[in-house]
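These notes are about the structure you will find just below.
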2 protein chains.
Amino acid sequence: MAALSQRLAAIASPQRMRIIAELMTGETHVSELARRVGMSRALLYMHLTKLQEAGFIHGHLALSEDGKALKLFELSDFSITITPASIAAALPEENEQ
Amino acid sequence: MAALSQRLAAIASPQRMRIIAELMTGETHVSELARRVGMSRALLYMHLTKLQEAGFIHGHLALSEDGKALKLFELSDFSITITPASIAAALPEENEQ
DNA sequence: TCCACCTGTCAGAGAAAACCTACACGTGCA
DNA sequence: TGCACGTGTAGGTTTTCTCTGACAGGTGGA
């Protein structure tokens, strides 16, 4: 799993928070998601990659009903609690990166 | 209080996490803190300002024993839990900014 | 064949964050 | 008076992040 600061940086973005919220409605393929959140696919890929590396979402390939290949993304289960103690506890692993 | 994405961005930094951890030992004045975390005061001010705006720390002026004016910073109490639901709930306030 | 979908990536521009150096100024003490 | 220590900020550089536009390629259906 990524370091805490990296995970927090991945989620600390209004655009990526918007993506998370959109995925709460169920798994969605990239092009459809790009339309819903109103951004280019190229940009969305960048955001999706960061969210996936941080463990908030995960993607897989699948075939649609009419036989087209789709890249589906869905939410992972996650819960992070931030307190002074949890931050201090995470510091050692930060320096390993 | 700042928007969630702004608060998370403020804490999503190894340097600022380090500052938080250092302040767990008690309130500290700026120059001393700069020595401990090994950065210039100018840079530390930038980090402290972000942490304060996000509500993680707060500062106040005080006089040292030998009569010098010191700017002391100390930790605020905080606890943030991040889940898909908390992110979705925070979206409306994001757009107000 | 052409069109409408889809995936995936790259180069480069623009904006934002992080960082350093240097300055101005104040206080206590030898 | 000079030194050591403190606060606070302005300027400019470097680095990172964000974003656009364009490309190459695949599939199904009219």
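The figures here come from the full heavy-atom set of this structure, side chains too, leaving out hydrogens, waters and symmetry mates. Numbered from 1 within each chain, the chains take letters A, B, ... in sequence-line order.
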Mind running side chain to side chain contact (heavy atoms under 4.5 Å, CB included) on A/Ile80 and A/Leu4 for me, showing each step along the way? CA-CA 9 Å; A/Ile80 302 178; A/Leu4 179 59; 4.2 Å; yes
B/Ser13: what forms a side-chain hydrogen bond (donor to acceptor under 3.5 Å, both in side chains) with it, not counting sequence neighbours?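 Per chain and number, B/Ser13 pairs via side-chain hydrogen bond (donor to acceptor under 3.5 Å, both in side chains) with B/Gln15.
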Pairs satisfying salt bridge (Lys or Arg N to Asp or Glu O under 4.0 Å), at least one member in residues 18-36 of chain A, at least two apart: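 Listed by first then second residue: A/Arg18-A/Glu22, A/Glu22-A/Arg36, A/Glu32-A/Arg35, A/Glu32-A/Arg36.
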Find the distance [X]:[atom1] to [N]:[atom2] and express it as a whole number of Å.
X       : N      : atom1 : atom2 : value
A/Leu61 : D/dG26 : CG    : P     : 15 Å
B/Glu65 : D/dG6  : CD    : C1'   : 15 Å
B/Leu8  : C/dA17 : CG    : P     : 15 Å
B/Gln6  : C/dA16 : CD    : P     : 14 Å
B/Leu63 : D/dC5  : CG    : P     : 19 Å

Looking at [atom1] of [X] and [atom2] of [Y], how far apart are the two atoms once the value is rounded to the nearest 0.5 Å?
X       : Y       : atom1 : atom2 : result
B/Met24 : B/Leu75 : CE    : CG    : 7.0 Å
A/Ile87 : A/Leu91 : CD1   : CG    : 8.5 Å
B/Ile82 : A/Ile11 : CD1   : CD1   : 7.0 Å

Just to be sure I understand the geometry, which residues of residues 15-27 of chain A put a non-hydrogen atom under 4.0 Å away from DNA chain D?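 Listed by number, they are A/Gln15, A/Arg16.
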Residues of residues 28-51 of chain A with any non-hydrogen atom less than 4.0 angstrom from an atom of DNA chain D: list those, numerically ordered, please.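 The answer is A/Ser40, A/Ala42, A/Leu43, A/Met46, A/His47, A/Lys50.
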Terminal axis angle for the helix from C/dT1-D/dA30 to C/dA30-D/dT1, five pairs an end, nearest 10 degrees: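 Roughly 10°, once rounded to the nearest ten degrees.
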Can you pull the ring-ring contact (aromatic ring centres under 6.0 Å, His included) pairs that have at least one residue in residues 69-95 of chain A, sequence neighbours excluded?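 Every pair satisfying ring-ring contact (aromatic ring centres under 6.0 Å, His included) with a residue in residues 69-95 of chain A: A/Phe56-A/Phe78.
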Sequence neighbours left out, what pairs pass ring-ring contact (aromatic ring centres under 6.0 Å, His included) with at least one residue falling in residues 2-33 of chain A?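 Sorted pair list comes back empty.
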Listed once per pair and sorted, the side chain to side chain donor-acceptor pair (under 3.5 Å) pairs that draw on residues 70-82 of chain B, sequence neighbours left out: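 Listed by first then second residue: A/Thr81-B/Thr81, B/His58-B/Glu74, B/His58-B/Ser76.
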So which pairs with a foot in residues 39-55 of chain A pass side chain to side chain donor-acceptor pair (under 3.5 Å), sequence neighbours left out?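 The answer is A/Arg16-A/His47.
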Distances under 3.5 Å between nitrogen or oxygen atoms of protein and nucleotides 25-30 of chain C:
none

For B/Leu61 and B/Leu70, what are the C-alpha separation, side-chain angles and deciding distance, and is it a side chain to side chain contact (heavy atoms under 4.5 Å, CB included)? CA-CA 6 Å; B/Leu61 287 171; B/Leu70 299 180; over 6 Å; no
According to side-chain contact (heavy atoms from CB on, under 4.5 Å), who are the partners of A/Ala62, at least two apart in sequence or on a separate chain?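 Checked A/Ala62 against side-chain contact (heavy atoms from CB on, under 4.5 Å); matches are A/His60, A/Leu72.
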Output all residues satisfying side-chain contact (heavy atoms from CB on, under 4.5 Å) with B/Ala9, sequence neighbours left out; order by chain, then residue number.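 So B/Ala9 forms a side-chain contact (heavy atoms from CB on, under 4.5 Å) with A/Ala12.
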Distance below 4.0 Å between A/Lys71 side-chain N/O and C/dC6 OP1 or OP2: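 So the side-chain polar atoms of A/Lys71 never come under 4.0 Å of the phosphate oxygens OP1 or OP2 of C/dC6.
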